[in-house]
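First comes the structure, then the notes that go with it.
Just the heavy atoms: all of them, side chains too, but no hydrogens, waters or symmetry mates, feed the values below.
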Amino acid sequence: MKLQIVDCYQTLSRQAAAIVAGLIRRKRQAVLGLATGGTPMGLYQELIRLHREEQLDFVDVTTFNLDEYVGLTPDDPNSYRSFMQQHLFSQINIRAERTYIPCGDASDLSLVCRRYEELIRQAGGIDLQILGIGANGHIGFNEPGADPGEGTRVVRLAAHTRQANARFFARPTEVPHQAVTMGIRTIMQNSRKILLLASGEAKAEALYRMVCGKVENGLPASYLQLHPNVTVLADRAAAKLLADVGQPLGC
Ligand code: PGA
């Protein structure tokens, strides 16, 4: 695991965007794994800026999102499809048909899950998977206790996760109880490179355990220790429990 500590969220977002842009410039047909939530929003803003000001071209790029809530239609304002439309896809020149997100309101969700695995394989795997980390150590919606051998599937959200995500909803009770998520196996087997972003003190303990703790399903992100090509990009606050942090990059 390569650990890179930066001073602040803005630098983290710029650094992450530079890594994504570097890949797309080397490989026009890059396949990206994308995440939702607060953490990658700065990355997406910076990618939009690079598209507008520096001609970063997404026309041949394919994306696979990690997860989607069960029971929300794609055009529900709280769906992850809507999130991605709003925060990235509608503002760059990506082709809609190359942006994959599991459909959370399909009648046959197990078919959706099988098909998602197939689509990722057909795309030739994922060149760069962006991940956030939950304060409980989840990646995607693989909550503590998740079986690392599982692929894309329907999961029940931890109470902690529903609480953390309530800020995006009008009322906390509206947060769905279930989601479709890529599994830990999906992420580990298909991603050639993983970039995990962590910002803020609330992530410090999970980040510390992910980097320094034992590999265990109590902290799903710890399985990333077993992946050969992971870069962790964290700001000072998220990395505060990691002793050997080197010199942070300035803002
Ligand atoms: P956040 O979520 O970026 O909104 O903190 C991260 C995650 O739950 O993976």
Qualifying residues under ring-ring contact (aromatic ring centres under 6.0 Å, His included), relative to His51, sequence neighbours excluded
none
With a 4.5 Å heavy-atom cut-off, do Val180 and Cys113 have their side chains touching?
yes
Taking side-chain contact (heavy atoms from CB on, under 4.5 Å) as the definition, give me every residue that meets it alongside Ala164, ordered by chain and number, with sequence neighbours left out.
none
Can you name the ring-ring contact (aromatic ring centres under 6.0 Å, His included) partners of Phe169, sequence neighbours left out?
Tyr69
Test salt bridge (charged side-chain N to carboxylate O under 4.0 Å, His left out) on Lys240 and Glu201; report intermediate values, then the result.
CA-CA 7 Å; Lys240 75 170 198 172; Glu201 214 175 319; 2.7 Å; yes
Kindly write out the residues that satisfy ring-ring contact (aromatic ring centres under 6.0 Å, His included) with Tyr223, not counting sequence neighbours, or none if the list is empty.
none
Inter- and intrachain pairs under side-chain hydrogen bond (donor to acceptor under 3.5 Å, both in side chains), touching residues 16-34, at least two apart
Lys27-Asp127, Arg28-Asp57, Arg28-Asp60
Please list, chain by chain and in numerical order, all residues satisfying salt bridge (charged side-chain N to carboxylate O under 4.0 Å, His left out) with Arg162, sequence neighbours excluded.
none
My understanding is that only residues two or more places apart in sequence, or in another chain, count here; which of them pass side-chain hydrogen bond (donor to acceptor under 3.5 Å, both in side chains) with Asp67?
none
Report, one line per pair, each donor and acceptor closer than 3.5 Å where one atom sits in a side chain of residues 131-145; sequence neighbours left out.
| unit_1 | atom_1 | unit_2 | atom_2 | d |
| --- | --- | --- | --- | --- |
| Asn136 | OD1 | His138 | N | 3.1 |
| Asn136 | ND2 | Glu143 | OE1 | 3.0 |
| His138 | ND1 | Glu143 | OE1 | 2.9 |
| His138 | ND1 | Thr161 | OG1 | 3.3 |
| Asn142 | OD1 | Arg153 | NH1 | 3.0 |
| Asn142 | OD1 | Arg153 | NH2 | 2.9 |
| Asn142 | ND2 | Ile139 | O | 3.0 |
| Asn142 | ND2 | Met182 | O | 2.9 |
| Glu143 | OE1 | Thr161 | OG1 | 3.1 |
| Glu143 | OE2 | Ala158 | N | 3.0 |
| Glu143 | OE2 | Thr161 | OG1 | 2.6 |

Quick one, Cys212 with Leu242, criterion side chain to side chain contact (heavy atoms under 4.5 Å, CB included). Give me CA distance, side-chain angles, the key distance, then yes/no.
CA-CA 8 Å; Cys212 302; Leu242 293 163; 3.6 Å; yes
With sequence neighbours left out, what residues match Gln91 under side-chain hydrogen bond (donor to acceptor under 3.5 Å, both in side chains)?
Arg52
With sequence neighbours excluded, residues passing side-chain contact (heavy atoms from CB on, under 4.5 Å) with Asn229:
Lys193, His227
If we ignore hydrogens and angles and just use 3.5 Å, is the side chain of Asp235 paired with the main-chain N or O of Gly200 as donor and acceptor?
yes
All N/O donor-acceptor pairs, side-chain side in residues 31-44, below 3.5 Å, sequence neighbours left out:
| unit_1 | atom_1 | unit_2 | atom_2 | d |
| --- | --- | --- | --- | --- |
| Tyr44 | OH | Ala35 | N | 3.2 |
| Tyr44 | OH | Ala35 | O | 2.6 |

Test salt bridge (charged side-chain N to carboxylate O under 4.0 Å, His left out) on Arg115 and Glu118 and set out the steps.
CA-CA 5 Å; Arg115 179 120 182 81; Glu118 233 172 77; 3.6 Å; yes
Listed by chain and number, what are the salt bridge (charged side-chain N to carboxylate O under 4.0 Å, His left out) partners of Glu117, not counting sequence neighbours?
Arg185
